[in-house]
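Here's the structure, in structure tokens; my notes come after.
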Amino acid sequence: MPELAEVDFFRRQWDPGLGQKIIEVHLHRRKRVFRGSNPQMIVQRLTGGRFVRSYARGKQMLFAFSGHNWIGIHLGMTGELRTEPATFRPAKHDHFVLRQSRRALVFSDARLFGRVRYHKGKNLPDWWLASGPELLSDQFDQRFLEVFLDRHARAPIKAVILMQNGFAGVGNWMADEILWRSKINPAQLAGKLRAKERREILDQTKFVAREAMRTLAKDFSDPPEDWLIHQKWKANGICPRHGIKLSHAIVGGRSTVWCSRCQK
DNA sequence: ACCCCTGTTCGGCG
DNA sequence: CCGCCGAACAGGGG
């Protein structure tokens, strides 16, 4: 579920716990979400520390704790963060719980595609820096885009827009929304795109990211009515521009929707 | 019962 | 070696 703006929404769900001490860490040690990390060490290092700050970058979140301890969380397909009362008892899918005196900070994930990582040190973890520049920053510009599109010239543009080292935070619905607004067919090879189309991709990516941050990230409210996202999952979804029936196919390995009239 | 899925990684293959 | 593609991961919902 979570892409750029939803990820930031979930990150902020733990805000009430900022500055507060962690009195107990509860986790299911054997769960897949801890792959690559040592769950026992997470418990050891976080217990008694303080939750001091959080960051989001693309689909990644980073939580800073006192003593140079860091927790990275990726929500995968079905992960979510929330807070619960102090008396909360974890249920089946609540894999990681930071208990504070007044509340519990909870990560849950039914499908276990999400991930919790641990990092110790004064500097940011390497994997944090591996994702692309933030879409709304000046580093995500025309020059960056050109190089990235050319590097993946033989892949369909839909697949390229889903690559996190280029389009950090873009997931399936954002990708379709961007391509629809740019009037580009999702199956078009990235290397075939003309100068005007490349400019459109930059502009529409910024637009979709900015608007999503204004709505979804703030309170999980819907983007405007005339966005493609509202039609995408309907059996008989129509193009918001002129009302003809949308096309569906698997492109770049992902379910894709587009308008055959405006996206040639 | 069967098929679908807003994500990532890995092995196969061209 | 580079890079694309399909499968695998796992569970819930239609």
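So that the names make sense, note that chain A is the first sequence line, chain B the second, and so on, each numbered from 1. Owing to the predicted nature of the structure, the values given are computational and were not obtained by experimental measurement. Computed from heavy atoms alone, side chains included, the values below leave out hydrogens, waters and symmetry copies.
Comparing B/dT8, C/dG12, C/dC9 by their closest approach to the side chain of A/R32 singles out C/dC9. Taking only side-chain atoms of A/H74, from C-beta outward, the nucleotide of C/dC4, B/dT8, B/dC5 with the closest atom is B/dT8. Side-chain proximity of A/H93 to the nucleotides B/dT9, B/dC5, C/dG11 is greatest for C/dG11. Which of B/dT8, B/dC5, C/dG11 sits closest to the side chain of A/S255 comes down to B/dC5. Each of B/dT8, C/dC4, C/dG12 was ranked by its minimum atom distance to the side chain of A/Q164; first place goes to B/dT8. Counting only heavy atoms from C-beta on, A/K59 has its side chain closest to B/dT8 among B/dC5, B/dT8, C/dG11. In the set C/dG12, C/dC4, B/dT9, the nucleotide with an atom closest to the side chain of A/R115 is B/dT9.
Residue ring and nucleobase are stacked for A/F113 and C/dC9, with a centre distance beneath 5.5 angstrom and an angle between planes beneath 30°.
Between the side chains of A/R117 and A/S37, no donor N or O sits under 3.5 Å from an acceptor N or O.
Atom CG of A/L112 and atom P of C/dC9 are 13 Å apart (whole Å). Going from atom CZ of A/R117 over to atom P of B/dT9 covers 7 Å, rounded to whole Å. Regarding A/N165, its CG atom lies at a distance of 11 Å from the P atom of C/dG3, rounded to whole Å.
One N or O on the side chain of A/H230 and one on the backbone of A/P224 form a donor-acceptor pair closer than 3.5 Å.
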